[in-house]
Amino acid sequence: MNTAVIPALTDHLIGEGIQGLYVCGTTGEGMSLSTEERKTVAEAYVDACGGRAPVIVQVGHNSLAEAKRLAEHAGEIGADLISATCPSYFKLDDVVAIVECMAEVAGGCPDIPFYYYHIPALTGSSIDLVTFLQLASERISNLAGLKYTDTKLYEFQECLELDGGRFDVVWGCDEMLLGALATGANAAIGSTYNVAAPLYTKLISAFLAADLSEARRLQSLSVKMIRMLNQFPFHAAMKAVLGIKGFDLGRCRLPQGGLTLDQTQTLQSELQTMGFFQWAGSMGTKHER
């Protein structure tokens, strides 16, 4: 685990317009790390950020006791917010049960905002989120909102508008950012913002300027980029792109693994052909492990 690269990567992301860091989430392979490793990574990002942008620490775990300890640790190191997936080995489709699980986790650090991380493609949990928010708001004192990683814009809109816009619902599907903005999204957290932040900041600017033609063009580039990345194991490809851009984060943990040299070269060639390195932001400084 190469935490030495975290300060340079943090500087790079903030320099490209990223306004917050979501640590130990799906792209960060939080679920593949030990509790101690997750603590080390979270602390490294909080230190590297130095208050320049909020740091959200994802603390979800199949063990609620471990998740609660991670939440406690996030508060101790000065994280700004915490977030958690629900337990996923034993699949949960009961809203009340998930509320109770998240109350247990959020209670580990009740003094900072808590966001439920809804990602049914990985957790297998497809609950009614409006009902979740209604019930959880009575049970979780620090509930601030959701990290919504799904594609149901109608559900996303319902959650945004619930109780007069009481909850902060953050969009999590990169290739549908424009649709989410049109639906009312005020913030987004996504995997490919790590490698193409300027693309998305320009897309947001075009939308706010009512230049929908340009916004659609930029979203189309995002879709094409993600389609390319998905021709490989996605998270391994993400790490390969970061390596090409100068940030050596190593290979993904098993069971994901990494790309071969030939795959990495093919990926780089394909990205060059589509102009990725012209519109996806600056290169970093090369770091050796």
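Just so we're clear, the structure is a prediction, and the values are computed from it rather than from any experiment.
Side-chain contact between Phe277 and Gln268 is present, with at least one heavy-atom pair separated by less than 4.5 Å. With a 4.5 Å cut-off on side-chain heavy atoms, Val241 and Phe276 count as touching. Counting heavy atoms from C-beta outward, Asn2 and Leu249 have side chains that stay 4.5 Å or more apart. The shortest side-chain heavy-atom distance between Lys239 and Cys252 falls under the 4.5 Å cut-off. For the pair Leu64/Lys68, no side-chain contact is recorded, criterion being any heavy-atom separation below 4.5 Å from C-beta on. Side-chain contact between Thr35 and Leu70 is present, with at least one heavy-atom pair separated by less than 4.5 Å. For the pair Phe114 and Leu81, the minimum side-chain heavy-atom distance is 4.5 Å or more. The side-chain heavy atoms of Leu122 and Ser88, taken from C-beta on, include no pair separated by under 4.5 Å.
Contact check on Arg69 versus Glu72 returns no salt bridge, with no Lys/Arg side-chain nitrogen under 4.0 Å from an Asp/Glu carboxylate oxygen. Salt bridge Arg216/Asp211: absent, no basic N to carboxylate O contact under 4.0 Å. Using a 4.0 Å cut-off between charged side-chain N and carboxylate O, Glu175 and Lys224 make no salt bridge. The existence of a salt bridge linking Glu29 and Arg38 is excluded, since no basic side-chain nitrogen approaches an acidic carboxylate oxygen closer than 4.0 Å.
Of the candidates Thr149, Thr192, Ile189, Asp174 forms a side-chain contact (heavy atoms from CB on, under 4.5 Å) with just one, namely Thr192.
Scanning all heavy atoms of the two residues, the minimum distance from Ala97 to Leu92 falls at CB-CD2, 4.3 Å. Contact record, His61 with Met31: N-CE, 4.3 Å, taken as the closest heavy-atom pair. Looking at every heavy atom in both residues, Leu181 comes nearest to Phe207 through O-CZ, 3.5 Å. Considering every non-hydrogen atom in both Leu177 and Ala188, the closest pair reads CD1-CB, 3.8 Å. The two residues Met274 and Met225 come nearest to each other via the heavy atoms SD-CA, 4.0 Å. In terms of heavy atoms, Pro110 sits closest to Gly108 at CD-C, 3.8 Å.
Looking only at distances, no side-chain donor or acceptor of Asp47 sits under 3.5 Å from a matching main-chain atom of Ala44. One N or O on the side chain of Asp80 and one on the backbone of Val55 form a donor-acceptor pair closer than 3.5 Å. Formation of a donor-acceptor pair under 3.5 Å by the Asn62 side chain with backbone atoms of Pro87 is not found in this model. Listed for the Thr10 side chain is no donor-acceptor partner under 3.5 Å among the backbone atoms of Cys49. Remark: the backbone N or O of Ile119 is not paired with any side-chain donor or acceptor of Asp150 at under 3.5 angstrom. The backbone N or O of Glu155 sits nowhere less than 3.5 Å from a side-chain atom of Glu158 that would complete a donor-acceptor pair. Between the Asn142 side chain and the Cys109 main chain, a donor and an acceptor come within less than 3.5 Å of each other. Using modelled atom types, no side-chain atom of Glu104 and backbone atom of Ala65 make a donor-acceptor pair closer than 3.5 Å. Looking only at distances, a side-chain donor or acceptor of Glu37 sits under 3.5 Å from a matching main-chain atom of Ser34. A donor-acceptor pair is defined here as one N or O able to donate and one able to accept, closer than 3.5 Å; no such pair exists between the side chain of Trp171 and the backbone of Leu178.
Cluster annotation: Phe156 is connected to Leu129 through the hydrophobic network of ILVMFWY side chains, with a link wherever side-chain heavy atoms come within less than 4.5 Å. Under the 4.5 Å side-chain heavy-atom criterion for ILVMFWY residues, a single connected hydrophobic cluster contains both Val59 and Leu146. The cluster map of Ile, Leu, Val, Met, Phe, Trp and Tyr, joined by side-chain heavy atoms under 4.5 Å apart, puts Leu160 and Ile204 in the same cluster. By the criterion of side-chain heavy atoms lying less than 4.5 angstrom apart, applied directly or through intervening Ile, Leu, Val, Met, Phe, Trp or Tyr residues, Val223 is not grouped with Leu153; the two fall into different hydrophobic clusters. A continuous path of hydrophobic side-chain contacts links Val99 to Leu133 [ILVMFWY only; heavy atoms under 4.5 Å].
Interatomic distance, CD1 of Ile127 versus CG of Asp94, reported as 9.0 Å (0.5 Å rounding). Taking CG from Leu199 and CD from Glu16, the interatomic distance works out to 11.0 Å, rounded to the nearest 0.5 Å. We find the CD-CD distance between Glu270 and Gln265 to be 13.0 Å, quoted to the nearest 0.5 Å. With rounding to the nearest 0.5 angstrom, the CD atom of Gln134 is 8.5 Å from the CZ atom of Phe167. Separating the CG atom in Leu9 from the NZ atom in Lys245 is a distance of 10.5 Å, to the nearest 0.5 Å. For the atom pair CD1 (Ile56) and SG (Cys24), the distance works out to 12.5 Å, reported to the nearest 0.5 Å.
Atom CG of Asp128 has more than 12 heavy atoms from other residues, nucleotides or ligands within 6.0 Å. Around CZ of Arg52, the count of heavy atoms belonging to other residues, nucleotides or ligands within 6.0 Å exceeds 12.
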- Trace of the side-chain contact (heavy atoms from CB on, under 4.5 Å) decision for Glu43 with His73: CA-CA 9 Å; Glu43 189 165 355; His73 176 261; 4.0 Å; yes

- Please test Glu161 against Arg166 for salt bridge (Lys or Arg N to Asp or Glu O under 4.0 Å), starting from the C-alpha separation and ending with a verdict. CA-CA 8 Å; Glu161 296 174 353; Arg166 173 182 176 183; over 6 Å; no

- Task: Could you walk me through whether Cys101 and Cys86 pass side-chain contact (heavy atoms from CB on, under 4.5 Å), step by step?
- Result: CA-CA 7 Å; Cys101 288; Cys86 64; 5.7 Å; no

- Message: Test side-chain contact (heavy atoms from CB on, under 4.5 Å) on Leu21 and Leu13; report intermediate values, then the result.
- Response: CA-CA 9 Å; Leu21 301 176; Leu13 292 173; 4.2 Å; yes

- Task: Run the numbers on Tyr200 and Ser222 for side chain to side chain donor-acceptor pair (under 3.5 Å), then give the verdict.
- Result: CA-CA 8 Å; Tyr200 294 102; Ser222 163; 2.8 Å; yes

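A cation-pi arrangement is present between Lys147 and Tyr22, with the terminal nitrogen or guanidinium carbon under 6.0 Å from the aromatic centre and inside a 45° cone about the axis.
Between the side chains of Gln58 and Tyr115, no donor-acceptor pair of N or O atoms lies under 3.5 Å. Side-chain N/O atoms of Tyr116 and Ser83 include no donor and acceptor closer than 3.5 Å. Gln157 and Thr183 share no side-chain donor-acceptor pair at under 3.5 Å.
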